[in-house]
Amino acid sequence: MKPIKILKNRSDIGAGTRGSDMGIDAIEIAAINANNNYFTQFDFEDIETENQSIYNKTKNSFAKRIENIHSHCTRVSNAVCENVENNNFPLVLSGDHSSALGTISGIKKANPNKRLGVIWIDAHADLHSPYTSPSGNIHGMPLAAALSEDNMDCKINTVTSETEEHWIGMKNIGFSGAKVKPEDLIFFGVRDTEEPEDKQIEKLDIKNYKVSEVRYRTLTTCVNEAIEQLKDCDSIYVSFDVDSMDCDAISYGTGTPVPKGFDQYEVIQIINQFLETKKVVCLEFVEVNPLLDTKGNKMAETAFEVLDSVTNVLKESLR
């Protein structure tokens, strides 16, 4: 069986609120409190972060700390690439979602000639660029960089030359140019977007399985359609942002909570159905923020429930 390697990425500098760097430890605490030895089963490595950059003055409010996120995503890319090349399965536990660019870049760097599909389980589309972002938080930009899409038709910001240089660098981490085609990107649960993202989704014809559609048409039907859409992809990366879940039903323990999302059982079924294709080469969990949790450690406990529940199917898929 291909070994699972846990990559612990405690970076949170791409978010607007601090605390997601503590999410990994919160998930581990959830496992310990459940008397579950999950985190003793697998080898792991810690990826060096640049969280100290939070104290630096922001040079460009349209892409906050982009120089640090650029270098950090490069480290994530290298770590993921090395593990894929060493025949490990990278199970990435991250702070904020900006580092998903590094993960995608690392997969593509390891297999530059293979076509990659991306399943994005999230409340947000993360399709902004520094030219369109209303917040400047780079956890809302990883897919724009992975697609190499600036969306200049919706430009509202004028960025500095330094920011532009780092943004170009981010789009070329690990592999020059786009890492994924728009038709090979599929959203599940995206429901909180801004107009520039809506226009990109329409322009690029990105499929979004909203929660209401999944429940009306059945989850199995929707995931099977997505699998069929990605049939020409050699591999699949699944990214699970915990804000894809219903904050009212689960917890507000994430940086950008959004109501009317999935429950944990739906997320488990979505991930497992993709794992059963045996095409998934990397799985990532992001955005648990225990500092924002009003129910103790509920979000981390739920994230661990998902993680633990999908691991048996993951192990089977790696045989």
Side-chain angles (χ1 to χ4, degrees), residues 11-17 20 58-70 72-73 76 94-105 118-173 177-182 184-208 210 237 239-244 254-258 284 286-287 289:
S11 179
D12 79 340
I13 57 175
T17 306
S20 61
T58 301
K59 295 179 181 178
N60 190 327
S61 60
F62 306 130
K64 297 171 184 174
R65 292 170 291 279
I66 190 170
E67 67 276 18
N68 302 100
I69 294 171
H70 180 192
H72 179 69
C73 282
V76 173
S94 292
D96 77 78
H97 216 167
S98 64
S99 58
L101 170 62
T103 306
I104 293 170
S105 300
V118 172
I119 299 300
W120 201 258
I121 308 171
D122 197 328
H124 306 91
D126 295 341
L127 284 169
H128 277 297
S129 74
Y131 306 101
T132 69
S133 174
S135 70
N137 297 325
I138 298 180
H139 71 165
M141 306 184 195
L143 285 179
L147 291 162
S148 197
E149 287 281 347
D150 296 337
N151 195 11
M152 297 300 279
D153 290 343
C154 297
K155 178 182 176 181
I156 59 171
N157 303 321
T158 300
V159 305
T160 66
S161 58
E162 181 183 1
T163 294
E164 186 172 27
E165 181 180 345
H166 282 297
W167 178 245
I168 292 170
M170 287 180 67
K171 292 188 291 183
N172 290 286
I173 291 173
K179 318 297 187 294
V180 60
K181 299 178 179 181
D184 295 336
L185 166 64
I186 299 176
F187 292 142
F188 276 84
V190 170
R191 59 195 183 279
D192 184 17
T193 56
E194 283 87 28
E195 184 178 354
E197 294 177 302
D198 294 334
K199 289 185 176 180
Q200 280 293 74
I201 291 170
E202 182 180 3
K203 173 186 171 184
L204 301 175
D205 195 23
I206 299 170
K207 176 59 183 176
N208 177 23
K210 295 184 177 181
Y237 156 70
S239 185
F240 166 49
D241 187 323
V242 297
D243 70 25
S244 62
T254 187
T256 47
V258 185
E284 186 161 15
V286 305
E287 295 280 3
N289 190 332

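If you're wondering where the values come from, they're calculated on a predicted model, not measured in any experiment. Computed over heavy atoms, backbone and side chain alike; hydrogens, waters and symmetry mates excluded.
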In this structure, are over 12 heavy atoms from other groups packed under 6.0 Å from K210 atom NZ?
->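 No, NZ of K210 has 12 or fewer neighbouring heavy atoms, counting only those of other groups under 6.0 Å.
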Parallel, tilted or perpendicular: which fits the ring planes of H70 and H166, with parallel below 30° and perpendicular above 60°?
->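 Ring orientation of H70 relative to H166: perpendicular.
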Rounded to the nearest 0.5 Å, how far apart are OG of S11 and CG of N68?
->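 Taking OG in S11 and CG in N68, the distance rounds to 9.0 Å.
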Would you give the length of the straight line joining atom CZ of F187 to atom CD1 of I119, rounded to the nearest 0.5 angstrom?
->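 Answer rounded to 0.5 Å: 10.5 Å.
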What is the minimum heavy-atom distance between [X] and [Y], and which atoms define it?
| X | Y | answer |
| --- | --- | --- |
| S94 | S99 | OG-OG, 3.4 Å |
| A15 | R65 | O-NH2, 3.9 Å |
| P196 | T132 | CB-CB, 4.0 Å |
| G16 | N137 | CA-ND2, 3.5 Å |

By side chain to side chain donor-acceptor pair (under 3.5 Å), which residues pair with E197, not counting sequence neighbours?
->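 Counting only residues at least two positions away or on another chain, E197 forms no side chain to side chain donor-acceptor pair (under 3.5 Å).
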Side-chain touch C154/E195, heavy atoms, less than 4.5 angstrom |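 Of all side-chain heavy-atom pairs linking E195 with C154, none is under 4.5 Å.
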For H128, which of E194, Q200, H139 qualifies under side chain to side chain donor-acceptor pair (under 3.5 Å)?
->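 Testing each of E194, Q200, H139 against H128, the sole residue satisfying side chain to side chain donor-acceptor pair (under 3.5 Å) is E194.
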Could you please spell out the steps behind the side chain to side chain contact (heavy atoms under 4.5 Å, CB included) verdict for T163 and F62?
-> CA-CA 9 Å; T163 294; F62 306 130; 5.9 Å; no
